[in-house]
Q: 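Encoded as structure tokens, here's the structure I'll be asking about.
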Amino acid sequence: MTTTEKKLLLIDGSSIAFRAFFALYTQIDRFVAPSGLHTNAIFAFHTMLGNVLEAVQPTHVLVAFDAGKTTFRTEMYAEYKGGRAKTPDEFREQMPFIKEMLEAQGIRHYELVNYEADDIIGTLATQAEKSGFDKITVVSGDRDLTQLTTEKTTVEITIKGVAELETYTPAYLYEKLGLTTEQFIDLKALMGDKSDNIPGVTKVGEKTGIKLLLEHGSLDGIYDHVDDMKTSKLKENLINDREQAFLSRELATIDLDSPIEISLADTLYAGSDYDKLKAFYKEMGFHKFLENLEGATEKVVEAIEFKIVAENLSDDMFHDDQFFYLEILGEDYHRDNIIGFTWGDEKQIYVSKNVALLSDVRFPKNTFDFKKNKVLLARQGINYPVVDFDSMLAKYLYSTIENNKISTIADLFGFELPDDELIYGKGAKRAVPEDAILFDHLARKLDVLVKTKTPLLDKLRENDQEDLLDRIELPLADVLAKMEITGIKVSGGVLSEIGLENEQVLKGLTEEIYELAGEPFNINSPKQLGVILFEKMGLPVIKKTKTGYSTAVDVLEQLAPQAPIVDKILKYRQISKIQSTYVTGLLGEIMSDGKIHTRYVQDLTQTGRLSSVQPNLQNIPVRLPEGRKIRKAFLPENEDSVLLSSDYSQIELRVLAHISGDEHLISAFNEGADIHTSTAMRVFGIDKPEDVTANDRRNAKAVNFGVVYGISDFGLSNNLGISRKAAKTYIDTYFERYPDIKKYMEDIVRSAKDTGFVETLYHRRRNLPDINARNFSVRSFAERTAINSPIQGSAADILKVAMINLDRALIAGQYKSKMLLQVHDEIVLDVPNDELAVMQTLVKKTMEEAISLSVPLLVDENNGKTWYDAK
DNA sequence: TGAGTCACG
DNA sequence: ACGTACGTGACTCAA
């Protein structure tokens, strides 16, 4: 190969992008950038481009795009390319980024008003042939471009997605169709093209077209001899559609002399721009490409400067504007030990692993995960006062889709930070590295925190979320830290007692089940259970899962009347659940102080709720008496105090009443009516509350739940065990009687489709990248989410506000009462007996006044010597 | 590690 | 026709 060889690569960008989109369409949900943008077309386009560049090794490259709907062809024939389905939004939004990608790769792209990509390509290919290029390669998803093939020009057409290409040369075209390239255009004139809406000649398809062309040489040849043809329907059609045939030829012919303002010299390919491409890959979340890029260039990682502090802190090492961050190896900050810490700003970064120094730290006002840091310091006996900024929480508010690790924040804003796994290892291999590596990693983390504060704040400002961070999440982190540090006393003795009883019951049930089954098997294995029930015993299969028979509760409940074993299994499952998760599980979480210290995860849920882990104290049994007994183990701090449990009544429906403004729902709440009874009256047309039966109320309650979740007839019918049709009638009547609820749902979905997100009363945001998805079920899910998230999220916000206000009131009044738990709409406090009366008033009032809505908030309270008794 | 199941709001 | 209620976490089994 000589270096002087000139090779031009011309790509039909519009057609390749479209093919690329559908090539990975089934996996569209896997290709989502951090911003929520779909990237399937960008990704597939990138792959195709890489393959072609590798194969062709071009000296010059251009990607041509169609400029718009109207072209000189639509002037000739208004219906040209008419009747095409609207391009999907998920596709259109990717186009600008494909162009951005080309720019980063150092590839020119071009479009020309009134012309299609084909014409640009045809014109440049012709120019290149004349000006001494050695080889020209055209790539498209559109077979029409094969008309451009010559001795020097080959045309590559994508087949099946964009990974494989079919190479058209004049010889190949002849071999395949028996036609020359000129005849190929004439063939299209005769056949027409459904996708471009080119009419052609009636009833002439590929076979007839080829036959005619082989016989007469060309379209002109055909029409020169049309009068000599023997009478036939074909002859008649040819004559009738003569004008149309020639018009079709004109439409199908690529313009080889279009007025392009770009020259061959402009298409010189210099290779990609490393920094731009890197930034682009990050923006798209293309981690593999990023690694390859960085690996390929063997980029030297820039050194980072920091000062190691072994002992003696001085005041001049600290000021408020710095960040401060403590490192542990795992997630469990109640048990894991500090392995190092770092603080500093853009001028100076400090690192240390001398934990003894922490008592002399003058804490800066910025951190990452305040709550974790506060708990870790509290374990050293150090108080960490609330800060001004927490990068973890800021990132969570900005976007809930990804996790909120420092490395994720680095990625998001184009900075480098190795993942913790790379430095510390994972699983059994996780360990503290040697000092040099640890310190370097800590310094890099701090550096990222310093550099990303401003961009994070900018994002929050853009989204009007500064108050949400400053007035809710940050102060809440402090409240939660205190709750976690306090912990809740749990009696191991009570749990063990329940455990012993359960053991006996399980033992008995196991024997009975083996007896009824005729053999022993693992009752905990859905697979083995399925074999026993559905194969050995021949019970009817009601539902299947991906892997086999479903043995879920609703299925077993339906089977119960048919075989006595089923009830035993249900009972076994119930007790076994209590035993493993709540007896054994909780016993293992009681720490040496006799308490359980859960972790509230503040940066996880898509709606703004908290979650609780290690252990989860937000799902302690309550509905069934056997499980509810577990709550007898949850105790107040000492003999002289009680647990006070306060929960919002119907907070989600009240929020819905407020944001929808529905007058009927609002007045029901204002009148203090039982909301499900009230719904039953309106929907079922019952005049007096006393005429509402228990069943009516139950049905109305299910409808109310459904409304909050983004109702569907299927979901409701499933829940109520009624027909889909009956469920639909319920829903229709409901919407008729509560028109503003219907309107809220329509409005919020429409707004989500426009903006791509929904938000709560306090501007907490949830991005909904799937809201305009093509796939019905993917889209429907996003629509229900759009309805539910502002409701669930606003309710979560309100309880957070209440907790913050209550914390302040407790401090202001110097009370000894302490918040212990939060369960989504409930707060549990430890209250000394002598404060009970005042707390009953204070907690209720604080929760009810957390926010002023167009309906009152109502709080129910209970107290007792255990959590079981406080209900 | 993913699927199935089930505990909570 | 499509195939579902919204949000979580822990445990067990079976690869």
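Every chain is numbered from 1 and lettered A, B, ... according to where its sequence line falls, protein lines coming before strand lines. This one's a predicted model, so the numbers in the text were calculated from it and none came from an experiment. Values below: all heavy atoms of this structure, side chains included; hydrogens, waters and symmetry mates excluded.
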Q: Is a side-chain N or O of A:Q618 found less than 3.5 angstrom from the main chain of A:Q822, in a donor-acceptor match?
A: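 Between the backbone of A:Q822 and the side chain of A:Q618 there is a qualifying donor-acceptor contact (under 3.5 Å).
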Q: Distance criterion of 3.5 Å, no angle test: do you see the side chain of A:R724 paired donor-to-acceptor with the base of C:dG3?
A: yes
Q: Please determine if A:D732 and A:K728 form a salt bridge, counting it only when a charged side-chain N lies under 4.0 Å from a carboxylate O.
A: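 So A:D732 pairs with A:K728 through a salt bridge.
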Q: So A:N522, base contact, sugar-phosphate only, or nothing? Heavy-atom distance under 4.0 Å.
A: sugar-phosphate
Q: Find the distance A:Y582:OH to B:dC6:C1' and express it as a whole number of Å.
A: 8 Å
Q: Roughly how many Å is it from NZ in A:K629 to C1' in B:dC8, rounded to a whole number?
A: 19 Å
Q: Does A:T551 put a side-chain nitrogen or oxygen below 4.0 Å from OP1 or OP2 of B:dT5?
A: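 For B:dT5, OP1 or OP2 has a side-chain N or O of A:T551 closer than 4.0 Å.
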Q: Taking only the P atom of each, what is the distance from B:dC6 to C:dA5 in whole angstrom?
A: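 Their P atoms lie roughly 15 Å apart.
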Q: Give a yes or no on whether a salt bridge exists between A:D830 and A:K489, defined as a side-chain N under 4.0 angstrom from a carboxylate O.
A: no
Q: Please check this pair: side chain of A:Y600 against backbone of A:M483, looking for a donor-acceptor N/O pair closer than 3.5 Å.
A: no
Q: Does the side chain of A:R784 get closer than 4.0 angstrom to OP1 or OP2 of C:dA5 through an N or O atom?
A: no
Q: Does OP1 or OP2 of B:dG4 have a side-chain N or O of A:T547 closer than 4.0 Å?
A: yes
Q: Taking 4.0 Å as the cut-off, does a side-chain nitrogen or oxygen of A:R573 come that near to OP1 or OP2 on C:dT12?
A: no
Q: Where each residue is assigned the nucleotide of DNA chain C containing its nearest heavy atom, which of A:S712 and A:Q792 is assigned the position nearer the 5′ end?
A: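 Closest to the 5' end, via its nearest nucleotide, is A:S712.
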Q: So which of residues 597-614 of chain A are in contact with DNA chain C, with a heavy-atom cut-off of under 4.0 Å?
A: A:L604, A:T605, A:Q606, A:T607, A:R609, A:S611, A:S612, A:V613, A:Q614
Q: Go through A:K527 and A:Y549 one step at a time and tell me if the side chain to side chain donor-acceptor pair (under 3.5 Å) criterion holds.
A: CA-CA 8 Å; A:K527 197 177 163 191; A:Y549 314 110; over 6 Å; no
Q: Provide, to the nearest angstrom, the distance between the CG atom belonging to A:L529 and the C1' atom belonging to B:dA3.
A: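 These atoms are roughly 15 Å apart.
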Q: When all nucleic acid strands are considered with a 4.0 Å heavy-atom cut-off, which category describes A:S550: base, sugar-phosphate, or nothing?
A: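 Result for A:S550 = sugar-phosphate.
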Q: For C:dA10 and A:S580 - does any side-chain N or O of the residue sit under 4.0 Å from the phosphate oxygens OP1/OP2?
A: no
Q: Would you say A:T545 places a side-chain N or O within less than 4.0 Å of OP1 or OP2 belonging to B:dA3?
A: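 So the side-chain polar atoms of A:T545 never come under 4.0 Å of the phosphate oxygens OP1 or OP2 of B:dA3.
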Q: Please determine if A:E589 and A:R335 form a salt bridge, counting it only when a charged side-chain N lies under 4.0 Å from a carboxylate O.
A: yes
Q: With ring centroids as reference points, do A:F22 and A:F91 lie under 6.0 angstrom apart?
A: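 No: the rings miss the under 6.0 Å criterion.
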Q: Please tell me if A:Q528 has a side-chain N or O lying less than 4.0 Å from either OP1 or OP2 of C:dA14.
A: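 Yes, within the criterion.
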Q: Can you figure out which of B:dC8, C:dT4, C:dC6 approaches the side chain of A:N788 most closely?
A: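 Of the options given, the side chain of A:N788 lies nearest C:dC6.
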Q: Identify all stems in which DNA chain C takes part, counting only runs of at least 3 consecutive pairs (Watson-Crick or G-U wobble, each distance under 3.5 Å), and give each as one range with another, ordered by first number.
A: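 Stems (3+ consecutive pairs) listed as B:1-9 with C:6-14.
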Q: Using the P atom as the point on both nucleotides, what is the distance between C:dT4 and B:dA3, in whole Å?
A: 14 Å
Q: Tell me: CZ of A:R628 to P of B:dC6, nearest whole Å?
A: 21 Å
Q: Look at A:K577 and C:dT12 and indicate whether a side-chain polar atom (N or O) is within less than 4.0 Å of OP1 or OP2.
A: no
